[in-house]
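In this chain, residues are counted from 1 in sequence order.
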Amino acid sequence: MTLRALAGNGGRLFFGRSFCPNSFIIVLDTCRTLLLFLKYAYGIFRDKVDGLEGMGKRMGILASVRTMGRTALAIDKKSLLTGIAYHLVKQLMNVFYGVYFIRMILAGLETGRGLGHILAVLGMMLGINILFGRFDQYYKNVFLPVFRLKADSYMNERVMEKANAMPYDMANSPSELDRYGRVLENSSGMMIQMYQSFCQVCGLAEAFAMILFYLVRTDVFAVAFSAFPLLYSYFLGERSAELGYELNKKVSSAARRKEYARRVHYLREYAAEMRTSGIGRVVRGIYREGSGQTVAAYRREGKRMAVYGFLELLSGDALSMALPLGYVAVRMLCGARYLLGDFIGITQAISIFSSDVEWMLDTALEMKEASLYLNEYTAYLAGDSAGHLSEDVPGAGRELGPGGPFRITFDHVRYRYPGSPESGFALDDVSVDIRSGERIAIVGKNGAGKSTFVSLLVNLISCSGGRITLNGRDLDAYDREELKSFFGVVCQDYRIYPVSVRDNVSMGGGAGDRDIRDALEKVGLGERIPDIDAVIGKEIHGEGLVLSGGERQRLALARVIANPYPVVVLDEPTSALDALTERDMNRLILDALRGTGRTLLFISHKLSTTRLVDRILVFDGGRLVEEGDHAALMEKKGLYAEMYLEQSNLYRMQEGQDV
């Protein structure tokens with residue numbers, strides 16, 4: 001039996017006696033040609049895509065949906081229920097208005113239903129529409145904006161907390177800074193995108209069920225003509241989403257340059273130099289460089305994205321609209337007859353079904369795009385919190401015991417900064433003991449290894465060789481939060497934050513108000529700052545308290561006096577002061593901590609206070625070359641004695657007596 005005969009017999013069975021076999025043959029030939037073309041093009045496309053690796057493909061959309069679900073429930077337990085309910089009702093209204101409602105009205109008119117019946121249907125729909133309109137406005141203008149802000153706050157705080165837990169050397173690497181910026185910038189927005197997409201999928205699934213129920217009862221073949229062009233559109237859109245993610249990764253470094261240049265122009269610490277020198281032109285050059293790299297990346301990758309976007313538009317919109325219309329036209333030419341209500345209902349159902357399929361595929365692409373970022377967010381949070389804090393360290397995460405005598409031991413410790421040559425150790429073969437209650441000065445020329453030694457001591461970085469122990473246990477084995485309460489550090493590049501004096505001094509520690517006020521008195525700020533609730537600076541609060549450079553240094557020193565740190569470390573916080581003022585400040589700290597049993601270590605190039613400490617550690621070239629008190633080292637006539645004698649003449653001239 002020929003194809004024409006088969007088409008004629010089968011067509012008459014399905015379409016009716018007036019079926020035209022020639023028209024059906026034309027439709028079949030057209031569909032066959034189109035399918036062959038799509039199969040060929042899809043094969044070429046998949047050959048290219050199969051060679052690509054992407055995070056989303058490895059981890060999958062389901063993992064990111066779970067991340068979204070956990071995050072949404074943590075923010076608001078009713079969020080998923082609210083979002084799904086909104087989209088279910090929205091799609092119910094969309095399908096009912098587009099298909100069933102119009103058919104009910106027209107069928108009622110054609111079958112002679114009374115005016116009362118039609119008015120009742122209209123009144124019912126008006127009431128439903130008013131109720132949904134109220135829900136719609138609440139969801140769009142109240143619930144969703146509030147949920148978006150909560151998600152931004154919740155996720156960004158987790159990212160910042162994670163970044164704060166990373167080791168110092170890892171956190172400051174360019175790749176990690178790029179990753180941090182990318183995760184912080186995109187995670188919350190993509191979580192909201194995943195949330196909305198997931199809820200939309202639930203609503204669209206309901207719409208499909210309603211439309212399929214209608215079409216299967218009337219014309220099942222219309223479904224295939226509406227859907228299959230959009231499937232190819234999805235694969236094109238999937239590739240476009242992957243290209244967008246890769247583009248975002250490529251511009252991360254350039255975005256960080258631009259953000260740095262923007263930041264420099266408004267931060268207080270740069271204000272003076274920016275206005276008294278030509279450095280602004282250099283900084284703007286950094287911004288232009290980042291902008292140029294971004295533009296080049298968008299031009300290069302944008303061309304590829306444009307090709308995929310055009311093909312997606314062509315296959316998704318044009319074919320999905322043309323094929324169903326052609327199919328309906330063929331049926332009408334072949335003699336199919338409908339009531340006006342049925343005809344409009346079928347036409348609307350095909351149109352809505354096609355639109356919803358495309359919407360579903362677009363939503364799936366949005367979920368795929370969001371999954372790329374959410375999987376990176378999940379991986380970032382799941383990474384090694386401390387980097388160098390290994391689970392293999394015996395007792396890892398153990399808390400410090402009650403206060404009492406302690407001993408910190410450096411046992412042949414070495415440290416090499418990442419990226420340095422194999423032999424380029426910043427600290428090499430250092431062995432020393434630090435006991436509770438000691439006062440220790442750490443001295444040496446620039447680059448001698450002093451700050452590296454202190455960074456290792458406070459667990460800011462981890463040694464590349466040897467061991468550092470606290471009471472016989474590896475320092476890395478202790479809980480990091482406990483170590484923050486054990487070591488009080490005032491760095492050379494300390495910062496004063498735009499919060500209250502209380503928070504600036506307590507630094508999240510256990511200092512009480514009386515301790516804070518006593519500390520302010522001891523550093524000479526009692527009269528200057530009578531109110532510890534006063535906010536420092538005007539960056540955030542217009543009425544903030546403005547402190548001079550010297551006052552800010554004193555405030556930073558008040559931190560280690562007010563908080564009961566067993567070990568206090570001063571990494572040249574008074575370096576900007578003159579020698580005599582620095583000596584007075586160091587003596588002030590020594591007096592404030594005397595009799596408390598606390599250990600004090602301070603770094604200084606100026607040796608104005610070293611005679612008052614119990615022990616002096618002298619570093620040179622990354623090694624501990626001398627150790628002892630002032631008298632012993634002066635008698636030794638080594639590096640310390642040389643440095644001290646060079647400075648002593650200056651001190652004599654400044655205060656007229658031997659220091």
Query raised in the report: Checking side chain to side chain contact (heavy atoms under 4.5 Å, CB included) against Tyr139, which of His87, Lys90, Arg134 comes through?
Result: His87
Would you name the heavy atoms of [X] and [Y] that are closest together and state the gap between them?
{"X": "Ser462", "Y": "Asp476", "value": "OG-OD2, 2.9 Å"}
{"X": "Ser188", "Y": "Ala151", "value": "CB-O, 4.0 Å"}
{"X": "Leu88", "Y": "Cys202", "value": "CD2-O, 3.5 Å"}
{"X": "Gln91", "Y": "Ala207", "value": "OE1-CB, 3.6 Å"}
{"X": "Leu381", "Y": "Lys162", "value": "O-NZ, 3.3 Å"}
{"X": "Val499", "Y": "Asn504", "value": "O-ND2, 3.3 Å"}

Query raised in the report: Quick one: side chain to side chain donor-acceptor pair (under 3.5 Å) pairs with a partner in residues 196-206, sequence neighbours left out?
Result: Ser197-Glu366, Gln200-Thr363
Tell me, do [X] and [Y] make a side-chain contact under 4.5 Å, heavy atoms counted?
{"X": "Met160", "Y": "Tyr180", "result": "yes"}
{"X": "Phe132", "Y": "Leu92", "result": "no"}
{"X": "Tyr377", "Y": "Arg158", "result": "yes"}
{"X": "Leu374", "Y": "Met155", "result": "yes"}
{"X": "Met367", "Y": "Val201", "result": "yes"}
{"X": "Tyr380", "Y": "Glu376", "result": "no"}
{"X": "Phe147", "Y": "Ile75", "result": "yes"}

Requested in this report: Indicate yes or no for a side-chain donor-acceptor contact from Tyr195 to the backbone of Ser79 under 3.5 Å, with no hydrogens or angles considered.
Outcome: yes
Among all residues two or more places apart in sequence or in another chain, which pass the side-chain hydrogen bond (donor to acceptor under 3.5 Å, both in side chains) test with [X]?
{"X": "Gln293", "answer": "Arg257"}
{"X": "Lys78", "answer": "none"}
{"X": "Arg179", "answer": "none"}
{"X": "Glu185", "answer": "none"}

Requested in this report: Given side-chain contact (heavy atoms from CB on, under 4.5 Å), test Phe198 with Ile84 step by step and report yes or no.
Outcome: CA-CA 8 Å; Phe198 176 78; Ile84 292 172; 4.0 Å; yes
Report task. Test Tyr497 against Asp503 for side-chain contact (heavy atoms from CB on, under 4.5 Å), laying out the working first. Result -> CA-CA 9 Å; Tyr497 300 91; Asp503 290 333; over 6 Å; no
**Report entry** Any residue meeting ring pair (Phe, Tyr, Trp, His ring centres under 6.0 Å) with Phe135, in chain and number order, not counting sequence neighbours
**Finding:** Tyr86
Query - Glu161 CD: over 12 foreign heavy atoms closer than 6.0 Å - result: no
Please round to the nearest 0.5 Å and tell me the distance separating atom [atom1] of [X] and atom [atom2] of [Y].
{"X": "Thr67", "Y": "Leu62", "atom1": "OG1", "atom2": "CG", "result": "11.0 Å"}
{"X": "Ser64", "Y": "Lys368", "atom1": "OG", "atom2": "NZ", "result": "10.0 Å"}
{"X": "Thr71", "Y": "Lys150", "atom1": "OG1", "atom2": "NZ", "result": "14.5 Å"}
{"X": "Leu144", "Y": "Ile192", "atom1": "CG", "atom2": "CD1", "result": "6.5 Å"}

Report task. Go through the steps for Met68 and Leu80 under the test side-chain contact (heavy atoms from CB on, under 4.5 Å), then give the verdict. Result -> CA-CA 10 Å; Met68 178 278 297; Leu80 283 176; 4.0 Å; yes
Query raised in the report: Got a salt bridge between Lys140 and Asp136, using NZ or NE/NH1/NH2 to carboxylate O under 4.0 Å?
Result: yes
